[in-house]
Amino acid sequence: MRRISTIAGCLAATAIVAGCAAPGPAAPSLDQEARAIIQASFRDQGIAKVDRLQQDLGQSACSDDKAPSDEVAERVQAEALASVKWPAGGQYFGNWIEGERIAQSGRGMTWTDASADPKANGGNCYNCHQIDKKELSYGTIGPSLWNYGKNRGITDVTAETVAPIIQYTWVKLWNSKAYAACSNMPRFGHKNLLNEEQIRHIMSLLLDPRSPVNQ
Amino acid sequence: MKHLMIAAAALAACGMAAAQTKSAAEGIAEYRKLLEDGNPAELFEAKGESLWKQKRGPKNASLEACDLGKGPGVVKGTFVELPRYFADVGKVMDLETRLVHCMSTLQGLDGAAIAKTRFGQGEMANVTALATWVATESRGMRFNLPQAHPQERRSYEVGKRAFFFRGGTHDFSCAACHAVDGQRIRLQDLPNLTKNPGDGVGFAAWPAYRVSNGEMWGMQLRLNDCYRQQRFPYPGFGSEVTIALGTYMGVNAKGAASIAPAIKR
Amino acid sequence: MADPMRIRAQMAGDKANVRVLMSHEMETGQRRDSAGKTIPAWFIQEVTATHNGKQVMRAEWGTPVSKNPFLQFFVKGAKAGDKIAVTWVDNKGEKRTDEATVS
Amino acid sequence: MKTNRREMLAQSATVMGLLATAGLLPQAAHAAWTKAAFEAKSVADAIKALGGNASTESKDITLTGPDIAENGAVVPVGCSTNLPGVKRMAIVVEKNPSVLAAVFDVSDAVDANFSTRVKMGQSSNVYAVAMMGDGRVLFSGKEIKVTLGGCGG
């Protein structure tokens with residue numbers, strides 16, 4: 001338990017730093033005006049419709065240059081955690097080769113993409129994270145995931161003792177807001193960006209002791 | 001004890017990652033330096049200059065009487081003060097929307113039709129070339145957008161709110177990638193656009209020649225593609241959000257020297 | 001008609017450092033458009049340069065040369081005021097010549 | 001003294017043949033684009049199609065270029081040598097679908113030093129090839145890594 005909270009805290013801290021910092025007064029009328037201007041400035045194009053501007057609580061709470069109140073943040077996190085769909089049959093793992101392919105791809109869900117089916121989407125992982133060290137072109141918005149499983153002492157994914165970290169990772173991939181209200185990481189499962197099978201592949205990439213990430 | 005070991009391992013891994021990053025970053029720096037000498041933006045700049053002086057359109061007029069904010073015909077220094085308020089239209093305009101306005105009023109071209117034209121096509125390609133040339137004329141000058149008019153201050157505030165607005169399938173805002181120093185997407189450095197990110201960085205680099213597709217991109221297309229990658233719907237050319245974001249980034253960049261037109265990945 | 005080239009020719013010691021930017025698609029013939037149709041190859045095949053009217057360089061290019069090509073070469077024995085002209089010809093037979101004065 | 005037209009043509013043909021084998025073709029003789037060379041799928045085939053034979057690696061030939069390219073669409077490369085007697089210089093990208101990018105004729109009036117920018121489909125060895133007046137073919141090269149780009153990569 002202690003270990004989980006430490007790791008979660010580490011990731012959450014990163015997300016908060018990446019989010020919002022400087023204070024600034026917000027005039028309600030300007031806020032409303034700005035929202036109306038945003039709505040009026042966009043139009044549908046392909047699969048990207050204007051309904052994408054309708055914010056849920058997590059989005060609206062994190063649309064400021066300062067972080068939401070603790071109370072709001074906790075509500076966002078609780079709702080996110082409650083929304084997580086656990087893998088069918090308790091099967092958390094797939095194939096890390098597929099996982100690497102998904103992690104490499106930054107495609108999907110833009111107005112130039114033909115289909116919104118998760119099968120057409122990538123995970124965008126390398127855009128923000130170092131994962132397999134062989135890939136030099138990686139982003140730094142999120143923490144390095146090199147040796148993600150190894151650093152957490154995973155030598156056997158079926159061991160009872162590692163169940164909490166496996167579950168933690170599943171939640172993080174499914175709905176990152178569960179651990180950090182204003183996380184910059186997309187909610188891959190919750191927003192149907194990746195399907196269960198694709199998330200299983202990413203799980204293998206990150207956690208399987210045989211994955212190149214854990215060598 | 002075990003926790004300590006894990007923490008140490010994590011730190012070690014981070015340290016090694018930093019070392020490797022540096023060598024890749026050095027390689028990229030070398031690549032960018034090699035590209036600097038001979039920026040194809042010069043081709044667009046030359047085209048823009050001749051378009052500015054050429055008599056065109058139903059009114060067979062040049063753009064030499066166009067007021068970009070410092071009086072009719074003045075080009076030098078205008079780029080580092082845009083977007084700004086224009087009394088003749090009663091609103092804030094950025095460089096590209098102002099150019100379309102001049103093409104419409106002076107040359108008699110159909111401004112609304114130009115705004116709907118795809119980037120890189122027809123008169124829209126001409127707008128980009130013109131913007132490239134206008135930017136070149138302010139090269140080395142420092143950004144200093146006016147904020148005296150209430151509309152200019154309002155534009156900044158709207159832009160700031162648009163910058164932090166999260167939406168789309170991936171919950172991204174501009175701020176998700178551009179509100180912190182020193183971060184990257186893949187190998188691309190992400191300027192912190194909530195402040196002056198430095199000379200020739202961010203707002204002070206566009207229009208820029210994109211080597212990935214060999215196209216010249218003005219700020220309107222730069223923002224359009226940011227929103228595409230953000231998984232947002234499509235922002236209209238010259239829409240208020242795009243101009244307000246320009247005001248927000250431009251005011252924040254106060255004091256930054258312009259290197260536009262730059263060359264970019 | 002093709003857009004003009006940008007040619008800079010600057011003295012460096014006893015040579016002229018010539019840098020040329022050409023406006024050209026350099027289409028490989030291996031890309032497809034949004035409808036899935038192959039975009040035909042369209043690229044510069046030959047580049048020649050003259051120094052005061054005398055040919056000093058000839059090059060053949062293939063599709064791997066980048067869009068809006070850049071070329072740099074050094075002309076020996078040039079002096080300020082000399083004329084450097086560059087001509088390209090593409091696979092459609094289109095041709096463009098521009099000239100610069102050595103500075 | 002008096003050479004008839006037929007003899008002159010014959011002589012020219014002989015000279016041309018000699019020049020061709022030495023890789024010394026004058027401009028007029030190969031004004032046409034060397035299609036076979038640009039269609040070559042391997043470095044050796046490209047050199048052969050340009051009229052060269054077995055090639056030797058040489059420290060006197062230089063291929064300039066970055067170790068890593070941020071975008072394969074535009075990779076700045078150059079080929080140069082200080083050796084006297086070089087007739088042609090080529091830039092070859094081993095893993096491109098068409099390996100030969102550019103070939104430059106070197107005259108007395110220019111340095112054997114050319115720079116351009118090429119497309120690379122993937123990380124690859126890139127070579128500068130020099131075809132010498134004495135028939136030797138010398139080369140040197142380096143690996144240039146091509147990285148994936150931004151968000152869409």
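A, B, ... follow the sequence lines: proteins, then strands. Residue 1 opens every chain.
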Restricting to ring-ring contact (aromatic ring centres under 6.0 Å, His included), what partner residues turn up for B:Tyr234, sequence neighbours left out?
A:Trp111

Side chain, backbone, both or neither: which part of C:Met22 has a non-hydrogen atom closer than 4.5 Å to chain B?
backbone

Got a list of the donor-acceptor pairs under 3.5 angstrom between chain B and chain C?
unit_1: B:Asp37; atom_1: OD1; unit_2: C:Arg19; atom_2: NH1; d: 2.3
unit_1: B:Asp37; atom_1: OD2; unit_2: C:Arg19; atom_2: NH1; d: 3.1
unit_1: B:Glu42; atom_1: OE1; unit_2: C:Arg8; atom_2: NH2; d: 2.9
unit_1: B:Glu42; atom_1: OE2; unit_2: C:Arg8; atom_2: NH2; d: 3.0
unit_1: B:Glu45; atom_1: OE2; unit_2: C:Arg6; atom_2: NH2; d: 3.4
unit_1: B:Tyr209; atom_1: OH; unit_2: C:Asn68; atom_2: ND2; d: 2.9
unit_1: B:Asn213; atom_1: O; unit_2: C:Lys67; atom_2: NZ; d: 3.2
unit_1: B:Gly214; atom_1: O; unit_2: C:Lys67; atom_2: NZ; d: 3.4

